[in-house]
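Both backbone and side-chain heavy atoms feed into the values below; hydrogens, waters and symmetry mates do not. Below, chains carry the letters A, B, ... as their sequence lines are ordered, and counting in each starts from 1.
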There are 2 protein chains.
Amino acid sequence: MVTRTRFDDSECPVARSVDAIGDWWSLLIVRDAFDGSRRFGEFQRSLGAAKNILTARLRTLVAGGILESVPASDGSAYREYVLTPKGEALFPVIVALRQWGEQHFFAPGEAHSQLVDRRQGKYLRTLEVLSADGRRLGPDDTTVHKVSGH
Amino acid sequence: MVTRTRFDDSECPVARSVDAIGDWWSLLIVRDAFDGSRRFGEFQRSLGAAKNILTARLRTLVAGGILESVPASDGSAYREYVLTPKGEALFPVIVALRQWGEQHFFAPGEAHSQLVDRRQGKYLRTLEVLSADGRRLGPDDTTVHKVSGH
DNA sequence: CGGCATCCGATCGGATACTG
DNA sequence: CAGTATCCGATCGGATGCCG
């Protein structure tokens, strides 16, 4: 049984998200899924992870409703792993991490992968946190509210 | 020496981000910093982590330029930990995780903490991934481009 | 090729005790 | 209160071998 440190009982949505994802491997699997990977081997080559690790992570992601295991589209006996709607909803998370990384960990001109608009091949706009009425918000413009259940 | 699985040599910005953050504890520390925590004890109470764990994570976050250690503002002999600009730039990441969690892991009416606009006390707009010219983009509208260094 | 079983050293994190 | 030091069981992940 997995007894990793759990955060799933927290009232904080961030903690529950973190707990649902599991670990970094899982997050990078999701990234690869966004990039088009579907097969066990594709994930493995991309990640360089040991097979048992990958197997375990795929299983927890499927169990968590983030990936779905479907029969291979090429008719082979194997499975493919595709994002569920819940998994696709992680898109902003991945994009946010990607943009943060692009802005802080690459020298100008250094090789890196970039997420672009498929239609125009252009870079994406940097994610903005907006208020309900559309103002740009920084960290200091927000505060955490406790909402008690009823 | 820490020999955790490293992703920092990857060309993928997501991987480098993940590597720079370190682990979930570190991410939750950053979350607490956004929520206003500054002192060792504040983080510890909020996280429920062992002190040695917290010490180690704070150290790596400072070393990574995400937090900065400054003298305590109350004149005591202790330190406070505040986000650097680089750390503040993680804001969209935390918000994205928070929103994903709110949408998938809480029953309607269940108690949870919520991030609100300080000025109006209202919820934030859901993060949107936009193209350079402002169209909303889903995962299928984007593709990963390899940019080779020069 | 996809996946499972097993082994093993490294690391993690909780607990506790100690310092100033 | 803010750490530091140490111990220890649990877990992790890499490697390997086996099976369909």
Side-chain angles (χ1 to χ4, degrees), chain A residues 1-10 15 18-19 21-30 32-33 36-64 67-82, chain B residues 1-10 15 18-19 21-30 32-33 36-64 67-82:
Chain A
M1 190 185 93
V2 179
T3 318
R4 193 187 74 258
T5 309
R6 304 308 300 251
F7 306 104
D8 57 333
D9 55 343
S10 170
V18 150
D19 193 76
I21 294 169
D23 69 354
W24 289 149
W25 287 121
S26 303
L27 194 66
L28 295 180
I29 289 171
V30 171
D32 284 341
S37 291
R38 303 168 66 94
R39 295 291 283 257
F40 188 94
E42 291 183 286
F43 291 114
Q44 209 211 340
R45 273 189 303 279
S46 170
L47 295 173
K51 290 193 291 182
N52 50 355
I53 305 294
L54 180 55
T55 299
R57 293 304 172 276
L58 286 173
R59 202 194 313 279
T60 61
L61 285 169
V62 169
L67 289 182
E68 192 181 2
S69 168
V70 302
S73 52
D74 62 355
S76 67
Y78 303 123
R79 313 246 79 196
E80 293 185 355
Y81 301 90
V82 300
Chain B
M1 189 185 90
V2 178
T3 318
R4 195 188 72 256
T5 309
R6 305 307 300 253
F7 306 104
D8 56 334
D9 55 343
S10 169
V18 150
D19 193 77
I21 294 169
D23 68 356
W24 289 149
W25 287 121
S26 303
L27 195 66
L28 294 179
I29 290 171
V30 170
D32 285 340
S37 292
R38 303 167 67 94
R39 296 290 284 257
F40 189 94
E42 291 183 286
F43 291 114
Q44 208 211 341
R45 273 190 303 279
S46 170
L47 296 173
K51 289 193 292 182
N52 49 356
I53 304 294
L54 180 55
T55 299
R57 292 304 172 276
L58 286 173
R59 204 192 311 278
T60 59
L61 285 169
V62 169
L67 290 182
E68 190 181 3
S69 169
V70 303
S73 52
D74 63 355
S76 66
Y78 303 124
R79 313 246 81 197
E80 293 186 354
Y81 301 90
V82 299

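- Counting only distance, with no hydrogens or angles, the side chain of A/Trp24 and the backbone of B/Gly22 share a donor-acceptor pair below 3.5 Å.
- For the pair A/Thr55 and B/Ala50, nearest-nucleotide mapping onto DNA chain C gives the more 5' position to A/Thr55.
- Counting only heavy atoms from C-beta on, B/Tyr78 has its side chain closest to D/dC1 among D/dC1, C/dG14, C/dC4.
- If you check distances only, the side chain of B/Asn52 never reaches the base of D/dG3 with a donor-acceptor pair under 3.5 Å.
- Centroid-to-centroid, the aromatic rings of B/Trp25 and B/Phe43 stay 6.0 Å apart or farther.
- Scanning both residues, B/Thr60 and B/Ser26, for their nearest heavy atoms gives OG1-OG, 4.5 Å.
- D/dA10 is paired with C/dT11 under the Watson-Crick or G-U wobble criterion, all donor-acceptor distances under 3.5 Å.
- Here the nucleotide nearest the side chain of B/Asp23, chosen from C/dC4, D/dA2, C/dG13, is C/dG13.
- Base pairing analysis places C/dC1 opposite nothing; no Watson-Crick or G-U wobble pair with both distances below 3.5 Å involves it.
- Listed candidates were C/dG13, C/dC1, D/dG14. Nearest to the side chain of B/Ile53 is C/dG13.
- Checking the phosphate oxygens (OP1, OP2) of D/dG3, no side-chain nitrogen or oxygen of B/Arg79 falls inside 4.0 Å.
- A/Tyr81 contributes no side-chain N or O that forms a donor-acceptor pair with the base of C/dG2 under 3.5 Å.
- For C/dC1, neither phosphate oxygen OP1 nor OP2 lies less than 4.0 angstrom from any side-chain nitrogen or oxygen of A/Ser76.
- Nearest nucleotide to the A/Lys51 side chain, out of D/dT4, C/dG13, C/dG3: C/dG3.
- Distance CD (B/Glu42) to P (D/dC1): 11 Å, rounded to an integer number of Å.
- In this structure, A/Arg57 and A/Asp23 have side chains that are in contact, with non-hydrogen atoms separated by less than 4.5 Å.
- Residue A/Arg59 is in sugar-phosphate contact alone, with no base atom involved, counting any heavy-atom pair closer than 4.0 Å across all strands shown.
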